[in-house]
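Each chain gets a letter, A, B and so on, in the order its sequence line appears, and its residues count up from 1.
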Amino acid sequence: MKKEKNNKPSKELPLGFVDRQEKELLIRDFVISNIKEIMIKYGFQYLETPSFEYTESIGKFLPDAERPDQGVFSFKDENNWLSLRYDLTAPLARYVAKNYLEIPKPFKRYQLGTVWRNEKPGPGRFREFLQFDADFVGTKSLQADAELCVMISEILEKCGLKKTDYIIKISSRKITEELFKKLNINDNNQRLTTLRALDKIDRLGWDGVKELLGAGRKDKSGDFTKGANLKSQDIQTIEETLKKKSPESEDLIEILKIFKDYNFSNFEFDPSIIRGLEYYTGATFEVNLKFDVTNNKGQVIQFGSIGGGGRYDNLVNNFGNYDAPATGISIGLDRLVYALMQKKEFKIKQSKPVVICVFDKKAMKEYISLQMILRKAGVSVEIYPGESKLKKQMEYANKIKSPAVILYGENEIKSGKPTLRNLGSGKEKTIEVKELVNEIKKII
RNA sequence: GCAGCAGUAGCUCAGUUGGUUAGAGCACUAGUUUGUGGAACUAGGGGUCGGUGGUUCGAAUCCACCCUGCUGUACCA
């Protein structure tokens, strides 16, 4: 905690939280409106669930400690532990279980919402972020899995990305499942460690992963990570299997066939797409950006994926005895927006008001009248919100990037002709009120 | 959590053989004769040098501990 002098409250933000400014928010709005449009086209229902859930409903583990803070923000109300959701999938499973008798089956819904994770933030990763999720619940059809990928691709392109800007990587848990069977790896811990190690291929390469599959690995800071302790023969089998360029599991073969029917080709089979989550049972996918993303110091950062998902046929059953196989995808919107902001060709329009300068408070009626005329015509306009010298008012207009100021002082009011100053060019024109709208529209 | 590095004004940083009232650029405020911005000039505000304790006549500068941040790594249901 940073101490402020005189015991004033800290102006710093908690670790992992950020203020977001207009430019980012406008791009986010743009992305969201594209998403909504496409979700309607694809026939998904819009859903919102609350930020808080009972802790036991969103975690796989019930709180066994005094305070369940394993990665979630929690607090206790009168009687119960509540937690801020850490994703939108668990709330979906809960919603489906709660409304099972009423909802259509299969159930297709999409959701936009903030999620929170109480963990160490990394570059471009925060403890509060906006997610977009689309899921099919209650169908085993691989058409659903395929369509999710096609749909994400359409969303990204609608947002202005080209085919060369992104790729959807796809794999299946069935591949690793079969490997485990074949190699007789039954210990759940060992399986998990293996999956997690394999998930790191893009970052560590096969050499690093093989260390993690074996005894363990020391990273460059000197920290040591314990490995899965597999036999070297098994490690070799795993490497050979996963290095194959085409899928051999039936589900993937079918999904790829459906992609073909959709004429969708911007994907890549990559058996290292494992995803850390334990609950996936079938296809897994990941959305990766292929252009460079830099941090605020201009350095290119390892951006990684902006989202992913897969099939999870058993998750909803956790809430009851329902047969609800499901598949879904989620996108980290803030990360997508952050990346979009860096595309040079990507411009978002920020409308800034024309400023009517205040020369004399007694003439306020005249200013208001001008303002009403302009607003009626749809022009963004404001009367300078304060009392300052003209110079200050100009500085203000300049600072907010106003396109123009209107000078309506004693002389102008007498003649009924305001002066319009273009803040881009610095040129001024004294014109009739009725011409004002047209002149301003030329500038904007 | 573990490991490495770092912590001086709002921001970017300078300031070590420890020594007078701690500096710069940018930003900010006021002004450069009273109706004009983005340039220039002048003046000004702002820091108990991350914190606490210690060594010393004297510490931003040395030591210890703590806190915070960055990076890597782990975890991420």
**Request:** Give the B/S/- string for nucleotides 29-34 of chain B, one per nucleotide from 5' to 3', where a protein heavy atom under 4.0 Å of the base yields B, of only the sugar-phosphate yields S, and otherwise -.
**Result:** -SSB--

Taking atom types as they are modelled, is there a donor-acceptor pair under 3.5 Å from the base of [N] to the side chain of [X]?
X      : N     : result
A/K120 : B/G72 : yes
A/E428 : B/G35 : no
A/N398 : B/G38 : no
A/K200 : B/U73 : no

**Asked** Can you list, by residue number, the residues of residues 351-363 of chain A that have a non-hydrogen atom closer than 4.0 angstrom to RNA chain B?
**Response** A/F359

Spacing between [X] atom [atom1] and [N] atom [atom2], to the nearest angstrom:
X      : N     : atom1 : atom2 : result
A/E56  : B/A77 : CD    : C1'   : 15 Å
A/R217 : B/A3  : CZ    : P     : 17 Å
A/R94  : B/A77 : CZ    : C1'   : 17 Å
A/F129 : B/C76 : CZ    : C1'   : 10 Å
A/R421 : B/U36 : CZ    : P     : 10 Å
A/R117 : B/A74 : CZ    : C1'   : 16 Å

**B/A3: pairing nucleotide in any strand, Watson-Crick or G-U under 3.5 angstrom** = B/U71

Which residues satisfy the side-chain hydrogen bond (donor to acceptor under 3.5 Å, both in side chains) test with [X], sequence neighbours excluded?
X      : answer
A/R20  : A/E24
A/R311 : A/D145, A/D313
A/R217 : none

**Item:** Validation row, ring centre A/Y95 to ring centre A/Y100 under 6.0 Å
**Value:** no

**Request:** Determine the interatomic distance between P on B/A14 and the same-named atom on B/U68; round to the nearest Å.
**Result:** 25 Å

**Asked** What pairs of residues pass the side chain to side chain donor-acceptor pair (under 3.5 Å) test when at least one of them lies in residues 367-376 of chain A, not counting sequence neighbours?
**Response** none

**Message:** OP1 or OP2 of B/A74 versus the side-chain N and O atoms of A/R203: is any pair under 4.0 Å?
**Reply:** yes

